[in-house]
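So the structure is just underneath, and the comments pick up after that.
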Amino acid sequence: MAADGSLKAQVITDAAVHPVKEGATARVKISVVTTGSGPLDEPVTVDYTTEGDGGTATSGEDYRPVEGGVTFPAGTASGASRTVEVVTARGGGAEPAETVPLHLTVSGAKAPAETPQVVIDAHGLPYLDPELPVQRRVKDLLSRMSLEEKAGQMTQAERNALTAPGDIADYNLGSLLSGGGSVPTPNTPAAWARMVDAFQLRAQATRFQIPLVYGVDAVHGHNNVVGTTVMPHNIGLGATRDPRLAEKTGAVTAAEVRATGVPWDFAPCVCVSRDERWGRAYESFGEDPALVTAMETVIKGMQGAPGGKDLDRRDKVLTTAKHFVGDGGTEYGSSTTGGYTIDQGVTKVTREELEKVHLAPFQEAVDRGVGTVMPSFSSLDILGDGQAPLKMHADGAMINGVLKDRMRFEGFVISDWQAIDQIPGDYPSDVRTSVNAGVDMIMVPTAYKDFHTTLVDEVKAGRISRARIDDAVSRILTAKFRLGLFEHPYADTTNLGRIGSAEHRAVAREAAAKSQVLLKNDGGVLPLKPSQKVYVAGSNADDLGNQTGGWTITWQGSSGRHTDGTTILEGMRKAAPDSAITYSKDASAPTDGYDAGVVVVGETPYAEGVGDVGNGHDPRLSEADQAAVDRVCGAMECAVLIVSGRPQLIGDRLGDIDALVASWLPGTEGDGVADVLYGKRAFTGQLPVTWPKSEAQLPINVGDAAYDPQYPYGWGLTTAARAPGEDGAKRLEELTAEARALRKAGRGDFVKGRGLVTAARLLVQDRIGQKITPAVAKPFAEADHLLLGGDVVGALRKLTAAYRAAE
């Protein structure tokens with residue numbers, strides 16, 4: 001019946017889809033609810049029948065027909081329900097799923113928005129047999145699918161874009177995603193699991209019941225969800241120089257993501273950030289491809305073994321290496337997207353630079369078995385090849401030729417958000433160009449109906465081959481089988497209780513502590529003593545949103561307390577509970593009588609090109625932050641912590657600052673920052689990017705011919721106790737000899753080698769002090785690059801050169 005706006009009662013069903021095994025009985029619960037939850041004012045009748053249009057099952061053969069009615073008398077309590085049973089028949093043969101609509105006619109109340117369907121599960125078909133090899137299951141299922149069903153598998157829609165939940169089945173959608181900030185209400189882990197399950201249920205109404213693969217941008221923890229463990233952003237993880245820790249952070253993230261029913265994470269970003277004006281700089285592990293490659297242990301933590309055998313575990317997820325290729329190398333001023341200055345711009349590189357800098361991390365990701373790869377919004381211009389810049393989503397030579405053929409990538413390629421629309425030409429051209437270039441699934445994310453129709457039309461017209469479609473769908477189905485989604489499509493909530501747990505936060509706390517880079521420490525201001533009277537100031541001392549950055553709860557992130565965690569100030573107060581700590585955000589409180597000051601300054605959150613320098617951002621501290629630094633450091637010994645996604649220009653104030661710390665974006669665990677401030681852990685972090693003296697120097701990177709930074713790549717002081725009065729030159733000779741002996745013996749142990757180089761680096765830093773000249777900085781930075789590449793002797797040779805060049 002038509003909806004009547006004057007009616008105060010509504011009839012609902014417990015679900016729109018009721019899957020049952022063949023021969024089982026489906027039970028559809030019909031309930032009546034009222035506005036205000038009071039009893040019914042008048043009777044409500046519901047007539048039901050399984051006889052009518054719309055189903056694919058045969059009445060009397062596949063199920064026993066049902067017809068009847070129920071009445072809810074006046075005075076019935078809101079929420080009262082009746083159950084209608086639909087008995088299915090056992091046929092014995094192999095069949096795809098079949099549907100039985102239960103048609104409802106309602107009087108006295110609003111009718112349900114949808115007709116509930118009973119679905120008799122697919123059964124007996126080879127692809128449903130978990131004992132068969134995945135390849136055989138894929139081949140069997142693919143052979144049964146229509147072109148329209150295959151096109152649906154290649155379509156990914158944003159959850160908020162669905163015009164109706166039933167479109168999941170009507171268009172055979174292969175995937176849904178939550179973009180940044182696209183969350184259920186309430187935004188809790190349990191609500192996420194319920195939401196994903198509800199979408200997954202809809203896929204059960206399709207012929208072959210191919211499950212959705214739901215994706216999220218969990219780029220530093222399950223960062224869309226309130227109460228989860230939020231890790232430092234990748235730039236901070238790069239500062240730790242700890243691949244094992246990166247793996248642990250990946251494992252925690254995967255466990256929390258999978259517990260909410262989400263099996264696919266659009267992470268990690270394996271870009272190499274070559275210009276800190278880029279708004280995505282903090283998504284990179286650093287400027288050195290050797291560092292990025294070393295930190296890709298995060299893939300193992302998230303996904304498990306390279307062959308995909310661990311993907312069906314309740315604590316692992318499908319990973320995504322992004323953004324292929326060169327998004328970290330875009331030229332400043334080359335972007336044409338909105339007000340962006342560098343993000344989504346053009347990467348101009350020689351073939352050699354493309355291979356060594358930007359492609360190398362993707363080869364590592366493929367070798368580690370990464371499940372999916374996402375192309376970049378940006379364009380690639382290979383110098384000297386005579387070709388114009390080409391959008392990466394259209395670059396078949398790179399996606400098909402390099403990624404899939406040369407690198408032997410076996411997973412599937414997922415486009416970025418509406419990225420194919422940026423390819424020149426009309427929409428059909430965008431679709432065929434991207435698919436023919438090797439993109440397997442398109443993140444539409446809103447026009448899923450148009451994409452589906454256009455893809456089918458392009459195939460029927462012969463402009464996209466059916467073989468290309470079969471290749472794409474085979475790759476997608478392989479991932480779904482490996483994830484175990486056909487056997488377990490719904491959330492395994494076993495680990496829900498571990499989300500945001502002390503165990504998980506301990507990993508994030510360790511990562512936050514190890515990410516802190518001590519750039520300067522004149523007079524041994526750090527570590528602080530618990531007995532000291534400390535004055536704390538600055539915009540980022542007590543702001544959880546600022547220290548977690550972009551991609552936290554919402555796409556752009558926000559200042560303030562938006563999730564559970566500990567600010568740096570709160571961490572300090574816990575670390576020194578008996579200490580007198582005064583906090584004055586703007587440093588307006590009196591500054592007399594303090595032993596030390598801690599000023600925590602830096603950036604407010606941003607993401608992607610919104611954060612580009614020149615798009616409302618610059619690399620200098622705000623006037624308020626500058627004033628806080630000046631007031632505190634002019635009155636007492638001070639330590640300045642810079643909470644930011646990239647280096648900030650601090651040179652004009654460096655002489656007045658006693659201790660300087662690059663804190664990056666440490667995540668929710670401010671306790672980790674407090675741990676190094678108070679000496680519970682030593683400072684051990686190293687710069688993952690070069691710290692410039694001025695904006696005019698950008699871009700500046702390790703290996704540049706001219707290299708004169710404020711602090712070189714790899715710089716990082718320590719507060720760990722060390723032997724005093726060492727003869728530096730002699731000790732460097734001893735360390736080099738030991739490294740040569742290891743190499744000669746064929747014992748290239750990375751941990752041992754790093755220990756030798758670390759000892760040498762600290763000696764060199766002691767000699768350099770703050771007198772960092774180009775003659776010192778260049779070999780110093782190159783030493784860390786060589787170490788990460790496995791050349792311990794070469795690294796020590798460079799450090800020796802830096803030592804000799806020091807004044």
Side-chain angles (χ1 to χ4, degrees), residues 512 516-549 558-561 565-605 618-645 647-666 669-679 683:
Q516 303 299 294
V517 181
L518 184 58
L519 300 173
K520 180 181 180 182
N521 194 26
D522 286 359
V525 172
L526 296 176
L528 301 169
K529 299 177 181 63
S531 60
Q532 285 180 300
K533 188 176 182 182
V534 180
Y535 187 102
V536 180
S539 59
N540 287 348
D542 194 33
D543 195 304
L544 194 64
N546 288 358
Q547 75 186 42
T548 54
S558 62
S559 299
R561 187 169 291 275
T566 303
T567 67
I568 294 171
L569 175 65
E570 289 167 344
M572 291 177 66
R573 285 179 167 154
K574 287 198 285 181
D578 299 325
S579 175
I581 296 178
T582 296
Y583 171 59
S584 176
K585 181 176 180 178
D586 60 359
S588 60
T591 56
D592 297 333
Y594 290 91
D595 298 311
V598 175
V599 192
V600 189
V601 294
E603 296 183 308
T604 53
D618 68 52
R620 295 170 296 179
L621 297 178
S622 69
E623 291 184 4
D625 278 348
Q626 292 177 38
V629 170
D630 291 344
R631 288 192 194 110
V632 177
C633 294
M636 66 192 81
E637 286 189 340
C638 73
V640 173
L641 277 60
I642 300 179
V643 173
S644 64
Q648 303 290 281
L649 302 178
I650 198 75
D652 57 343
R653 285 172 168 75
L654 194 54
D656 298 323
I657 295 170
D658 300 296
L660 180 63
V661 179
S663 286
W664 311 114
L665 298 168
E669 306 314 300
D671 287 324
V673 180
D675 285 342
V676 292
L677 289 179
Y678 278 95
F683 279 92

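Numbering starts at 1 and runs along the sequence shown.
- Atom CZ of Arg573 has more than 12 neighbouring heavy atoms from other residues, nucleotides or ligands inside a 6.0 Å radius.
- One finds the CZ atom of Arg631 at 8.5 Å from the OG atom of Ser584 (value rounded to the nearest 0.5 Å).
- Rounding to the nearest 0.5 angstrom, the gap separating the CD1 atom in Ile642 from the CD1 atom in Ile657 is 6.5 Å.
- Leu569 contributes atom CG, which lies 12.0 Å from atom CG of Asn540 (distance to the nearest 0.5 angstrom).
- Although no hydrogens or angles enter the test, the distance criterion places no donor-acceptor pair under 3.5 Å between the side chain of Asn521 and the main chain of Ala659.
- The line from CD of Glu637 to CG of Asp595 is 9.0 Å long, rounded to the nearest 0.5 Å.
- For Lys574 and Asp671, the salt-bridge test passes: some basic side-chain N is under 4.0 Å from an acidic carboxylate O.
- Residue Leu519 holds its CG atom at 10.0 Å from CD1 of Ile650, rounded to the nearest 0.5 Å.
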**side chain to side chain contact (heavy atoms under 4.5 Å, CB included) assessment of Met636 paired with Thr591** = CA-CA 8 Å; Met636 66 192 81; Thr591 56; 3.8 Å; yes

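- In this structure, the side chains of Gln547 and Ser663 stay at 4.5 Å or more apart for every pair of heavy atoms.
- Under the 3.5 Å distance criterion, the side-chain polar atoms of Tyr535 are matched with a main-chain donor or acceptor of Ala589.
- When only modelled atom types and interatomic distance are considered, Asn546 and Ser559 share a side-chain donor-acceptor pair under 3.5 Å.
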